[in-house]
Amino acid sequence: MTFFLSPLWPLGQNPVPGDPFVIVNKTKNELALIDDNKVQTIVSVGTGKTQELTPEGLFTITVKAKDPYFRKNNIPGGDPKNPLGSRWIGFDAKGTDGRIYGIHGTNQPASIGKYVSQGCIRTQNEVVTSIFPLIPLGTKILVISSNKSYEVLAKENGAIK
């Protein structure tokens, strides 16, 4: 008998201290990548035009794509007109499947650090390309508005011992 466990729904503690964990702080418009029990990098991001557009909570990365297709305007991946940039890292906010809310690149780099999106988290193409391989499917992502440090937030959520 074969027994299969999905990497999206691991048993036991999740996240496990030391595993990758992403924190997006809407107060600062920053993304922190936690791995190996420490903050590895902090980058600037753009979030929703209004507080409600980028949902807050603890979510799971469920979809990843290189050169994502922009369905809304029928723009293929890799096209310079594609607002999703070079990578898509989607998560299951508001009961969605990871194709509605995500971290992605952008063809508008001047928008980074601002409140400009329809709900997604955008960053520079070079940034999303560099973090893409470091964030496996099943990684937890915390989207929050907070004045706490990333270390404190990671400890509170079990990502750092």
Specify the closest pair of heavy atoms between [X] and [Y], including all atoms of both residues, with the distance to one decimal.
| X | Y | answer |
| --- | --- | --- |
| Asn107 | Lys81 | ND2-O, 3.1 Å |
| Ala93 | Pro55 | CB-CG, 3.7 Å |
| Trp88 | Gly102 | CH2-N, 3.6 Å |
| Tyr115 | Thr27 | OH-O, 3.3 Å |
| Val39 | Glu151 | CG2-OE2, 3.6 Å |

Non-hydrogen side-chain atoms of [X] and [Y] separated by less than 4.5 Å:
| X | Y | result |
| --- | --- | --- |
| Thr54 | Val24 | no |
| Ile89 | Ile141 | no |
| Asp35 | Leu134 | no |

Inset, instruction - Check the pair Asn25 / Tyr150 against side chain to side chain contact (heavy atoms under 4.5 Å, CB included), numbers first and verdict last. - result: CA-CA 9 Å; Asn25 189 338; Tyr150 293 111; 3.5 Å; yes
Do [X] and [Y] belong together in a cluster built from hydrophobic side chains that touch within less than 4.5 Å?
| X | Y | result |
| --- | --- | --- |
| Ile42 | Leu142 | yes |
| Phe59 | Val63 | no |
| Val45 | Leu53 | no |
| Leu84 | Ile75 | yes |
| Leu137 | Ile121 | yes |

Inset, instruction - May I ask you to check if Lys64 and Phe132 form a cation-pi contact, with NZ or CZ under 6.0 angstrom from the six-membered ring centre and within 45° of the axis? - result: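 So Lys64 does make the cation-pi contact.
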Inset, instruction - State whether Asp97 and Arg99 are salt-bridged, where the test is any N-O pair (Lys NZ or Arg NE/NH1/NH2 against Asp/Glu carboxylate O) under 4.0 Å. - result: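 Looking at Arg99 together with Asp97, the answer is yes, because their closest N to O distance falls below 4.0 Å.
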Inset, instruction - Determine, stepwise, if the pair Phe21 / Ile23 fulfils side chain to side chain contact (heavy atoms under 4.5 Å, CB included). - result: CA-CA 7 Å; Phe21 185 70; Ile23 301 171; 3.5 Å; yes
Legend entry - Result of checking Lys26, Lys28, Gln51 against Ser145 for side chain to side chain donor-acceptor pair (under 3.5 Å):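 One option only clears the test, and that one is Gln51.
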If I take atom [atom1] from residue [X] and atom [atom2] from residue [Y], how far apart are they, to the nearest 0.5 angstrom?
| X | Y | atom1 | atom2 | result |
| --- | --- | --- | --- | --- |
| Asp79 | Asn73 | CG | CG | 11.0 Å |
| Gln108 | Lys114 | CD | NZ | 10.0 Å |
| Ile34 | Thr41 | CD1 | OG1 | 10.0 Å |
| Ile160 | Asn37 | CD1 | CG | 6.5 Å |

Inset, instruction - In sequence, state the C-alpha distance, the side-chain angles, and the governing distance for Thr60 and Lys140, and then conclude on side chain to side chain contact (heavy atoms under 4.5 Å, CB included). - result: CA-CA 5 Å; Thr60 303; Lys140 291 297 183 183; 2.6 Å; yes
Legend entry - side-chain contact (heavy atoms from CB on, under 4.5 Å) involving Ile112 - partner list, sequence neighbours excluded: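 Here the qualifying residues are Ser44, Thr106, Arg122, Gln124.
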Inset, instruction - Take Val22 and Ile103 through the side chain to side chain contact (heavy atoms under 4.5 Å, CB included) test and state the conclusion after the steps. - result: CA-CA 10 Å; Val22 177; Ile103 302 163; 4.2 Å; yes
Legend entry - Between Thr47 and Asn29, a side-chain donor and acceptor under 3.5 Å: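 Thr47 vs Asn29: donor-acceptor pair found between side chains.
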Inset, instruction - Taking atom types as modelled, find out whether Ser86 and Lys66 have a side-chain donor-acceptor pair closer than 3.5 angstrom. - result: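 Side chains of Ser86 and Lys66: no pair found under 3.5 Å.
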Inset, instruction - Without swapping roles, check the side chain of Asn82 against the backbone of Gly78 for a donor-acceptor pair under 3.5 Å. - result: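 No; zero donor-acceptor contacts below 3.5 Å.
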Inset, instruction - Please say whether more than 12 non-hydrogen atoms of neighbouring residues, nucleotides or ligands are located less than 6.0 Å from NZ in Lys155. - result: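 12 or below, so no.
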